[in-house]
> 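Next up is a structure, given as structure tokens.
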Amino acid sequence: MEINLSPFFAKFILRLIPYRLSHRVLVMCKGYSEDYESFTELVWEDDKDLDFYNTETYPQFQLWYV
């Protein structure tokens with residue numbers, strides 16, 4: 001299941017997901033590492049400094065439930 005997210009909610013949810021849920025609830029980003037074809041999983045520890053509000057570089061965020 002995929003749910004589109006605003007940049008605000010993507011960052012908010014990513015920060016709040018506990019480690020034990022991180023393998024079932026994923027925040028995904030299109031445009032990460034210049035990949036505009038597919039989504040890439042975000043991890044708070046690695047991506048907390050990501051410019052979530054730069055819609056040209058990161059045009060879409062989704063919440064995935066696996």
Side-chain angles (χ1 to χ4, degrees):
M1 179 167 84
E2 298 124 12
I3 300 170
N4 289 327
L5 295 173
S6 69
F8 172 79
F9 282 116
K11 187 173 185 177
F12 181 75
I13 292 170
L14 187 63
R15 180 185 289 167
L16 292 180
I17 294 174
Y19 177 75
R20 61 191 155 130
L21 288 179
S22 64
H23 65 282
R24 290 189 289 166
V25 178
L26 309 172
V27 175
M28 307 296 284
C29 175
K30 190 179 264 189
Y32 194 86
S33 297
E34 299 182 14
D35 182 2
Y36 295 99
E37 298 297 318
S38 58
F39 284 87
T40 303
E41 178 185 359
L42 299 178
V43 178
W44 180 251
E45 291 80 23
D46 298 335
D47 301 311
K48 61 185 172 190
D49 295 324
L50 187 79
D51 185 3
F52 285 81
Y53 299 101
N54 183 347
T55 57
E56 286 185 29
T57 306
Y58 310 110
Q60 189 176 7
F61 294 95
Q62 289 186 345
L63 181 67
W64 290 11
Y65 181 74
V66 181

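Throughout, residue positions are numbered sequentially from 1 according to the sequence presented.
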> May I ask you to decide if the ring planes of Phe61 and Phe52 are parallel, tilted or perpendicular, using 30° and 60° as cut-offs?
parallel

> Checking Ser6 now: which residues fulfil side-chain contact (heavy atoms from CB on, under 4.5 Å) with it, not counting sequence neighbours?
Phe8, Phe9

> Looking only at heavy atoms, what is the nearest atom pair of Tyr36 and Pro59, with distance?
CE2-CD, 4.1 Å

> Give me the atom names and distance for the closest heavy-atom approach of Tyr32 to Asp47.
OH-OD1, 2.6 Å

> Report the distance from atom CD of Gln60 to atom CG of Leu5, rounding to the nearest 0.5 Å.
9.5 Å

> One pair to check against side chain to side chain contact (heavy atoms under 4.5 Å, CB included): Leu63 and Leu26. What are the steps and the verdict?
CA-CA 6 Å; Leu63 181 67; Leu26 309 172; over 6 Å; no

> Cluster question for you: counting only ILVMFWY and a side-chain heavy-atom cut-off of under 4.5 Å, with indirect links fine, are Leu50 and Val43 together?
no

> Among all residues two or more places apart in sequence or in another chain, which pass the side-chain contact (heavy atoms from CB on, under 4.5 Å) test with Glu2?
Gln62, Trp64

> Return all side-chain donor-acceptor pairs below 3.5 angstrom for residues 11-18, not counting sequence neighbours, or 'none' if the list is empty.
none

